[in-house]
Trainee: 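Let me begin by handing over the structure; questions about it come next.
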Amino acid sequence: MRPLRLIDPLVYLDHAKAIKSGFASSIFTCNQLIHLYCNHGLVKDAHKLFDEIPHPNVFSWNVIIMAYIKARDLTKARALFDSAPHKDLVSYNSMLSAYVGADEYETDALDLFTTMQSARDTIGVDEFTLTTMLNLTAKLRMGCYGEQIHSYMMKTANDSCKFAVSSLIDMYSKCGSFHEACNVFSGCIGTVDLVSKNAMVAACCRERKMDIALSVFWKYPELNDIVSWNTLIAGYAQNGFMEKSLALFSEMIENGIGCNEHTLASVLSACSGLKWLKLGKCVHAWVLKNGYNSNQFINSAIVDLYCKCGKNRCAESVYEGIRIKSPFAAASLISGYSSQGNMAEAQRLFDSLTERNSVVWTALCSGYVKSQQSKAVFKLFREFTTTEGLVPDAMIIISVLGACAIQATLRLGKQIHAYILRMIFNMDEKLLSALVDMYSKCGHIIYAGKTFQLVPDSDRDAILYNVMIAGYAHHGFEGEAIQLFQEMLKKSVKPDAVTFVALLSACRHRGLVELGEQFFISMQEHYNVVPEIYHYACMVDMYGKANKLEKAVEFMRKIPIQIDATIWGAFLNACQVSSNTELVKQAEEELLKLQADNGSRYVQLANAYATEGKWDDMVRIRKKMRGKEAKKLAGCSWIYVDNDTHVFTSGDASHSKVDAIYSTLVCLNGKLYLSSTELKQLYDIQGDVVEGIF
DNA sequence: CTAGGGTTAG
């Protein structure tokens, strides 16, 4: 068949006419011709020819069924399949793999597989069927079924051909059984084939075990093809090693391997990660020159590149220029708008889309989380599940948990947790970090701790530790926070800037000045973490809260970076605590220079003067604030009681049960300033109420 | 002794 394709199809159209007029009409030639028509997308002509065959054989039926499968008309393919008088294993396997390859036909695939095995049907299964089914279990991440197929393959000696091996590695890896994947791979050492090796490299990349991936890659260098290189390049990029990914790409080109659209997509995402606009633009030019600009992965990577490099206008014009737009490119642009806080534009683009996948929904949701609009997230999520009837995946769940954390809606957070358990989601560190953060921000530090404990030691990454340490810090458990920090060091998980923000803020809240100072020094000396604005602000605030103004002043003098409004704000607070009028004025001037339009700054200053009884100054600041039309939103608290939200602002007396509320408050005030142990007991009591979830 | 079905990278 293959050489025929090199000849102008028109020759064969002539040939078809010849057959029709009675020449050369062997059924063999007819079947070949049907296949030829299909390869040129001429399904209708193929079908016409098929209809003209007086006695189609099993090959004829199979080839016409394949024609509709390739044209993605599975309904028609199935209708032909059902009506075919001649069917063999090939017919079944073709239909099965069509179902496995398509979205939302998983049940049909399973039904067909069951039919094939049923006693009434004598068709049976072979190694083709089994590898196809492995593919399905991999796609559905159902490792337990994959395992069953594996044992059946072993029993029937179908487990050692190269197709079986590569599919098994792929299935185990995608179902989270890396160890099993390794076992399969090492079982065929010596007779390694290329595809199995590539599947193994991919499996290592999925596990972030890049050193193993590299050693597998270089173990049989003569085997390496373009897929091997692409797998490794993509692996490095996806695990955040952008420079390594690009270095490997140069090596690939130097070795004359060449590159294809897979390579370029990874290279583009490495460029976005590094914000290397210059190289990214070169790749963009290369894409245009080589006609890769109809590839949806490439297009979304280019849009993403321009967004990440702050060139939203370029991103927009690339997006406009895409002829067949994919939801992925739209998602990139939505994330671009979101990262600039432009949710109106993000929503507008979302509304204009005719095709939305869960990536688009997630992009918009996480945009609203970033801009703290939790209500919008809940609204979107409701639309997603009820109106659209879509099944949430882990990514969108993470966004919703983020919204729960912002709004401290424990009830919804717990519902989501229960949902995760019901759906038997694969709980990865990302999802667990989001859960821990939600429980912690909703005030349930005990739950947060229990969720954290569910994560096996080896899976605890820096983000998860950071979330948990910050949780303990905010709840006043500095001992637990520090203990966790030590555990983190012992497991050689590298602490980063966020870790130290959490630790310093624990010291700040508890007035542990000396410990805070130790952390601040050691973060630079031992852990190579450069202090950022928030670390400085935290230190200043710590000195302020501990009433050590002279230390704050001394610290302010030594700050090597541009002192911004956050730091000045903390310093102003410190001055207020110490009632130092001279310094307050100094801080005021600096602050207003930096943040003339921030209403909260004026309010803070006005209050500072009010505390000192300097009413003239207070009035002056208030007037200045009006002149600039700066506004300050009043901070508020809220609580859910019987499905009703009760909102309170400071000094608020508008609630119908205001007397009862204030008398309870007086009571609670007396119980404040508990010791760490007392606090824990209090949380434990709360924790027991809904213990069932764990 | 010739046709048709299964594997890896985003």
Side-chain angles (χ1 to χ4, degrees), chain A residues 1-2 4 26-36 38 56-67 69-70 81 84 86-101 116 125-136 138 149 153 158 161-171 173-174 181 184-185 192-206 213 216-217 223-238 245 252 259-270 292 295-301 304 326 328 359:
Chain A
M1 212 41 215
R2 199 153 293 143
L4 295 184
S26 82
I27 193 159
F28 178 80
T29 328
C30 278
N31 292 343
Q32 274 194 322
L33 275 165
I34 294 174
H35 193 168
L36 191 76
C38 304
N57 63 10
V58 67
F59 290 105
S60 324
W61 281 100
N62 286 344
V63 85
I64 194 67
I65 290 167
M66 266 320 281
I69 290 172
K70 275 188 191 143
F81 175 87
H86 311 286
K87 266 182 289 202
D88 62 2
L89 247 177
V90 177
S91 334
Y92 278 85
N93 287 338
S94 304
M95 205 59 234
L96 186 68
S97 94
Y99 283 145
V100 171
M116 290 169 80
V125 300
D126 67 356
E127 74 263 35
F128 285 82
T129 324
L130 294 168
T131 45
T132 307
M133 286 309 289
L134 279 181
N135 209 358
L136 179 68
I149 294 170
M153 289 170 98
N158 278 319
C161 80
K162 57 182 188 173
F163 288 104
V165 172
S166 53
S167 300
L168 280 167
I169 294 172
D170 187 55
M171 181 277 292
S173 157
K174 285 184 179 154
V184 174
F185 183 66
V192 190
D193 95 291
L194 172 62
V195 179
S196 303
K197 179 189 137 154
N198 289 346
M200 194 62 227
V201 174
C204 297
C205 292
R206 256 174 229 124
V216 175
F217 179 86
L223 275 180
N224 283 339
D225 69 346
I226 196 162
V227 178
S228 329
W229 285 86
N230 286 344
T231 307
L232 204 56
I233 289 172
Y236 275 120
Q238 279 157 16
S245 168
M252 180 182 188
C259 66
N260 63 12
E261 69 267 35
H262 285 269
T263 332
L264 295 178
S266 299
V267 169
L268 279 167
S269 84
Y292 288 131
N295 180 302
Q296 58 162 343
F297 292 97
I298 300 243
N299 282 329
S300 101
D304 191 47
S326 81
F328 293 100
V359 179

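Quick caveat: nothing in here was measured; it's all calculated off a predicted structure. Throughout, protein chains are lettered first and strands after them, A, B, ... in sequence-line order, and every chain is numbered starting at 1.
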Trainee: Check this for me: does the side-chain of A/D126 come within 3.5 Å of the base of B/dG5 through a donor and an acceptor?
Mentor: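 Yes, the side chain and the base share a sub-3.5 Å donor-acceptor pair.
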
Trainee: Using whole Å, report how far NZ of A/K174 lies from C1' of B/dT8.
Mentor: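 Rounding to the nearest Å, NZ of A/K174 and C1' of B/dT8 are 8 Å apart.
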
Trainee: For B/dG10, take OP1 and OP2 only and decide whether either is under 4.0 Å from a side-chain N or O of A/N230.
Mentor: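 For A/N230, the contact criterion (side-chain N or O under 4.0 Å from OP1 or OP2 of B/dG10) is not met.
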
Trainee: Any idea which of B/dT7, B/dA9, B/dG5 is nearest the A/F163 side chain?
Mentor: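 So the side chain of A/F163 is nearest to B/dT7.
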
Trainee: Nearest to the A/N62 side chain among B/dG5, B/dG4, B/dT8, which nucleotide is it?
Mentor: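 Per side-chain heavy atoms of A/N62, the pick is B/dG4.
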
Trainee: Using a heavy-atom cut-off of 4.0 Å across all strands, would you classify A/V63 as base, sugar-phosphate, or nothing?
Mentor: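 Nothing: the residue A/V63, judged by heavy atoms under 4.0 Å, touches no strand.
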
Trainee: Is it true that the side chains of A/D225 and A/N198 contain a donor and an acceptor less than 3.5 Å apart?
Mentor: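 Looking only at side-chain atoms, A/N198 and A/D225 do form a donor-acceptor pair, the distance falling under 3.5 Å.
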
Trainee: Would you mind telling me which of B/dG5, B/dT8, B/dA9 lies closest to the side-chain atoms of A/A199?
Mentor: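 Looking only at heavy atoms from C-beta outward on A/A199, the closest nucleotide is B/dT8.
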
Trainee: A/E127 has a side chain; which of B/dG10, B/dG6, B/dG5 sits nearest to it?
Mentor: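 For A/E127, the side-chain atoms sit closest to B/dG6.
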
Trainee: Tell me, please, which residues at least two apart from A/T129 pass side-chain hydrogen bond (donor to acceptor under 3.5 Å, both in side chains).
Mentor: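 By the side-chain hydrogen bond (donor to acceptor under 3.5 Å, both in side chains) rule, A/T129 matches A/N93, A/D126.
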
Trainee: For the pair made of CZ in A/F59 and C1' in B/dC1, what is the distance, rounded to whole Å?
Mentor: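 One finds 12 Å between C1' of B/dC1 and CZ of A/F59, rounded.
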
Trainee: For A/C205, report the nucleic acid contact type (base, sugar-phosphate, nothing); a contact means any heavy atom under 4.0 Å.
Mentor: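 No contact.
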
Trainee: Does A/Q296 reach a base, just sugar-phosphate, or nothing at all? Heavy atoms under 4.0 Å.
Mentor: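 Since no nucleic acid heavy atom lies under 4.0 Å of A/Q296, the category is nothing.
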
Trainee: By nearest atom, which of the nucleotides B/dA9, B/dG4, B/dG6 is closest to the A/S97 side chain?
Mentor: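 Given the options B/dA9, B/dG4, B/dG6, the side chain of A/S97 is closest to B/dG6.
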
Trainee: How are the rings of A/F297 and A/F328 set relative to one another: parallel (under 30°), tilted (30 to 60°) or perpendicular (over 60°)?
Mentor: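 Answer is parallel, since the angle falls under 30°.
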
Trainee: Of all the choices, B/dG5, B/dG10, B/dT8, which nucleotide is nearest to the side chain of A/A234 once you look at every atom?
Mentor: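 The answer is B/dG10.
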
Trainee: Quick one: A/L130 CG to B/dG6 P, roughly how many Å, whole number?
Mentor: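 After rounding, the gap between these two atoms is 14 Å.
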
Trainee: When we call it a touch if two heavy atoms are under 4.0 Å apart, what does A/N57 touch: a base, just sugar-phosphate, or nothing?
Mentor: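 Counting heavy atoms under 4.0 Å across all strands, the contact made by A/N57 includes a base.
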
Trainee: Whether the A/D170 and A/S167 side chains hold a donor-acceptor pair (N or O, under 3.5 Å, no angle test) is what I'd like checked.
Mentor: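 A/D170 vs A/S167: no donor-acceptor pair found between side chains.
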
Trainee: Let me know the distance between CG of A/N93 and P of B/dT7, rounded to the nearest Å.
Mentor: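 That distance rounds to 11 Å.
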
Trainee: Of the options B/dG10, B/dT7, B/dT8, whose atoms approach the side-chain atoms of A/Q238 most closely?
Mentor: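 Nearest to the side-chain atoms of A/Q238, counting from C-beta on, is B/dG10.
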
Trainee: Taking the side chain of A/V227 as heavy atoms from C-beta outward, which of B/dT7, B/dA9, B/dG6 is closest to it?
Mentor: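 Of the options given, the side chain of A/V227 lies nearest B/dA9.
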
Trainee: Test for a donor-acceptor pair under 3.5 Å between the base of B/dT7 and the side chain of A/S167, counting only N and O atoms.
Mentor: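 Between B/dT7 and A/S167, which were checked side chain against base, a qualifying N/O pair under 3.5 Å is absent.
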
Trainee: Looking at every heavy atom in both A/S266 and A/I233, which two are closest together, and how far apart are they?
Mentor: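 Where A/S266 meets A/I233 most closely, the heavy atoms are CB-CG2, 3.8 Å.
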
Trainee: Considering only B/dG5, B/dG4, B/dG6, which nucleotide approaches the side chain of A/S94 most closely?
Mentor: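 Nucleotide nearest to A/S94's side chain: B/dG5.
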
Trainee: Under 4.0 angstrom, heavy atoms only, what part of the nucleic acid is A/D88 near: base, sugar-phosphate, or nothing?
Mentor: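 A/D88: base contact, heavy atoms under 4.0 Å.
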
Trainee: Check every strand shown and say whether A/T231 touches a base, only sugar-phosphate, or nothing at a heavy-atom separation below 4.0 Å.
Mentor: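 Sugar-phosphate contact only - A/T231 comes under 4.0 Å of backbone atoms but never of a base.
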
Trainee: Check the distance between B/dG4's P and A/M95's CE and give it to me in whole angstrom.
Mentor: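 The distance from CE of A/M95 to P of B/dG4 comes to 19 Å, rounded to the nearest Å.
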
Trainee: Output all residues satisfying side-chain hydrogen bond (donor to acceptor under 3.5 Å, both in side chains) with A/S97, sequence neighbours left out; order by chain, then residue number.
Mentor: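 Once residues adjacent in sequence are excluded, A/S97 has no partner under the side-chain hydrogen bond (donor to acceptor under 3.5 Å, both in side chains) criterion.
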
Trainee: In this structure, is the centre-to-centre distance between the rings of A/W229 and A/F217 below 6.0 Å?
Mentor: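 For A/F217 and A/W229, the ring centres are under 6.0 Å apart.
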
Trainee: Separation of A/L33 atom CG from B/dT2 atom C1', in whole Å?
Mentor: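 Spelled out: CG on A/L33 to C1' on B/dT2 is 15 Å.
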
Trainee: Rounded to whole angstrom units, what separation is found between the CG atom of A/L96 and the P atom of B/dG5?
Mentor: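 Nearest whole value for this atom pair: 14 Å.
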
Trainee: Which nucleotide in the list B/dG4, B/dT7, B/dG6 gets nearest to the side chain of A/T131?
Mentor: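 So the side chain of A/T131 is nearest to B/dG6.
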
Trainee: Please report, rounded to the nearest Å, how far the C1' atom of B/dG4 is from the CD1 atom of A/I69.
Mentor: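 That distance rounds to 11 Å.
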
Trainee: Which is true for A/D193 with a 4.0 Å heavy-atom rule: it touches a base, it touches only sugar-phosphate, or it touches nothing?
Mentor: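 Answer is nothing: A/D193 stays at 4.0 Å or more from every strand.
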
